[in-house]
There are 2 protein chains.
Amino acid sequence: MTKKNTTIYDISKKLNVSVATVSRALNNHPRISQETKELVAAAAKEMNYKQNNLAKALKSGETKTVGVIVPYINTNFFSSVIRGLEEELSPHGYRVIICQSHDDAAIEKKQLNTLLHTQVDCIFISISRNTSDMEYVKKILSTTNTPIIFFDRKKDIPGISTITIDDHKGAYQATEHLIQQGYKNICHFAGDQNLEIYQNRLNGYLDALKDYKLPVIKENIINTGSSIEEGISAMKSLWKRKVKPDAIFSASDFTALGACKEIKNLKIKIPEDIGVIGFSNEPFTQFMELSISSVDQTPVLMGKISGNVFLESIKDNSSGISIEKKLVLTPTLHIRQSSKRKK
Amino acid sequence: MTKKNTTIYDISKKLNVSVATVSRALNNHPRISQETKELVAAAAKEMNYKQNNLAKALKSGETKTVGVIVPYINTNFFSSVIRGLEEELSPHGYRVIICQSHDDAAIEKKQLNTLLHTQVDCIFISISRNTSDMEYVKKILSTTNTPIIFFDRKKDIPGISTITIDDHKGAYQATEHLIQQGYKNICHFAGDQNLEIYQNRLNGYLDALKDYKLPVIKENIINTGSSIEEGISAMKSLWKRKVKPDAIFSASDFTALGACKEIKNLKIKIPEDIGVIGFSNEPFTQFMELSISSVDQTPVLMGKISGNVFLESIKDNSSGISIEKKLVLTPTLHIRQSSKRKK
DNA sequence: TTGTAGGCGTTATCAA
DNA sequence: TTGATAACGCCTACAA
């Protein structure tokens, strides 16, 4: 048996007033008598009235719902960003729909369209690895009013606000720290160069080397993904070289972990013989018995700020001006045992 | 400048047909000529038509959207369940709205109401620690058609399907394993007894002791939360006893980790002097240099099955029957270094 | 202070 | 095969 929800129409019938009065009373309209308001409120409660946001949204054009697309939701970084986003937006009455792209541009595009159909008020995206064609994003921008905001993994597109961390700086500081600890032959485990974040980490590494007059050696840049296994195998092949590295700056904590495991396996000493720094400050990096240095990306904050950029843009928009923001957060280097050679 | 979305009305005007025809053509209605369908499809594409799900939902009463409420989204367990949920439901056209209760019953109730306003087709909840009054949940059940499904952290309420793991079994197997490894004075770090999952873990531990004729010692049950710090302090005070424990079965991986850290600090040997097992199979448990044994809860699977229970209930409902399901998944014990004393 | 009525975009019923 | 129209539940001019 299907239960019917009570509507303002039901309340109006019961109280012998018009639906308009009920609607206004419920919305605390100034020109409704206190008495009526109380009457309506009582009836609403008694009849277990629940406002239908669908109808409201259809009328107002605002769903008070936003969408967020990430590669996978069950990673520390992305789930933390989403946590921040939810905590920033929820108090303002916004719901958050989550979508996974599985790091695939085709799925990402599909999810984007689904969100558009759902009439979300804003779409937050951290793009997938193989996203390159941004034409459909531009088309959405030019044909709809739905703002798109990129966080972390972005592309530069006019009209799209972005919230990122300063990957270059994080990488630079990490490399600089290794140099200051006396490491001289520093390798970099580089991530997918289709993504700006990994380009910036690589460049930060390179610039630190240059600034400290260390030679840039092409072979010291190893392309890896971000799995433990790739870290292990990268380390394995590195150690077969005649000239061995004395430090690793990895663009991923997982490859850094893989490297640590293999280093232990090779009976080399961390941090005496070789230093290691990762990136992301995954929880496990500090849990390890030999804790791993890493660069923190403040993901919860990134989520909150992303949400805030949207909220602010709504305010701005009321005055007809839409400002494109490019916010860059500062990462924090956490120095732990894996790279602290000097006491 | 505000861009207007094209509607079926726009298409109907352009093609000089009725909106009904457009709607039917778009929905591939059998009694529309192929010619018209193609015409409409072409116009829709050209005019960049995007269906408004809001209007559709208002009409049909189905939003194709579900809500999920968890304490916090950025934990491995909950984000993994949500991943599974999204992956099960997304192919069927459902969107997933995520809400955080911050482990607080009052917020949980608020989120529940928001989801109801949003007209979601189903609500998935893992209840907060201090949830006790289930009256409002029962009221929702009796006054709305919105199904509620509990996963992991549940209460038994008629009409609500639940998906859990067999915590008793997981705890029993963990304890049994410790016993078989020769440990005799096994302590339990128990979680919040307001939650069934922790009750069950405690009972599994107790039953294993009984079955193996080991004495049940009340002082060996330590109430902790699930933080590293509590694990450390619990271990600290345990080691001040005259009769010291030789194993810990913790209801949480984090307290287990804390115990391990303190054990190392006390210069005791794992697993020779003391064995440790946690619960949840958090990623870090296997990353540790001294890997920690733990009970895996298969969270992604739990999410998928939760989604599936909902999908099945829709099918069932078409025949007017709504079946309340109580599904219990089997956990898997992962034996690692922290508890493997015998070779 | 309150009521009437139109419209948001879709689908479905009843006609044609 | 197609068209006209009502309805989903709400809000809001415009009237009264």
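These numbers come from the heavy atoms of this one structure, side chains and all, not from hydrogens, waters or symmetry mates.
- Judged by distance alone, the side chains of B:D152 and B:T164 never bring a donor and an acceptor atom under 3.5 Å apart.
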Q. ring-ring contact (aromatic ring centres under 6.0 Å, His included) between A:F310 and A:Y94: does it pass, once the steps are laid out?
A. CA-CA 11 Å; A:F310 164 62; A:Y94 284 89; 5.3 Å; yes
**Q.** Contact pattern, 5' to 3', of nucleotides 8-16 of chain D - B, S or - by protein heavy atom under 4.0 Å
**A.** BBBBBB---
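- Using a 3.5 Å distance cut-off with no hydrogens or angles, the side chains of A:S128 and A:D104 do not pair a donor with an acceptor.
- A donor-acceptor pair shorter than 3.5 Å cannot be found between the side chains of A:Q119 and B:Q51.
- On the nucleic acid side, DNA chain C contacts chain B at distances under 4.0 Å to non-hydrogen atoms, with the end points of that region at C:dG9 to C:dT13.
- Within the 4.0 Å cut-off from OP1 or OP2 of D:dT1, not a single side-chain nitrogen or oxygen of B:T21 is found.
- Ionic pairing of A:E324 and A:K326 is present here: one or more N-O contacts between side-chain nitrogen and carboxylate oxygen are shorter than 4.0 angstrom.
- Classification of B:E46 and B:K14 as a salt-bridged pair holds, one side-chain N sitting under 4.0 Å from a carboxylate O.
- Side-chain contact check for A:E108 and A:T131: at least one donor-acceptor pair (N or O, by modelled atom type) lies under 3.5 Å.
- One finds a salt bridge joining B:K154 and B:D156 here, because a Lys/Arg side-chain nitrogen approaches an Asp/Glu carboxylate oxygen to under 4.0 Å.
- Applying a 4.0 Å cut-off to non-hydrogen atoms, none of the residues of residues 111-123 of chain B approaches DNA chain C.
- Side-chain atoms of A:D133 come within 3.5 Å of backbone N or O of A:E135 as a donor-acceptor pair.
- Each of B:L58, B:L54, B:N52, B:N53 was evaluated against B:K56; a single residue qualifies, B:N53, per the side chain to side chain contact (heavy atoms under 4.5 Å, CB included) test.
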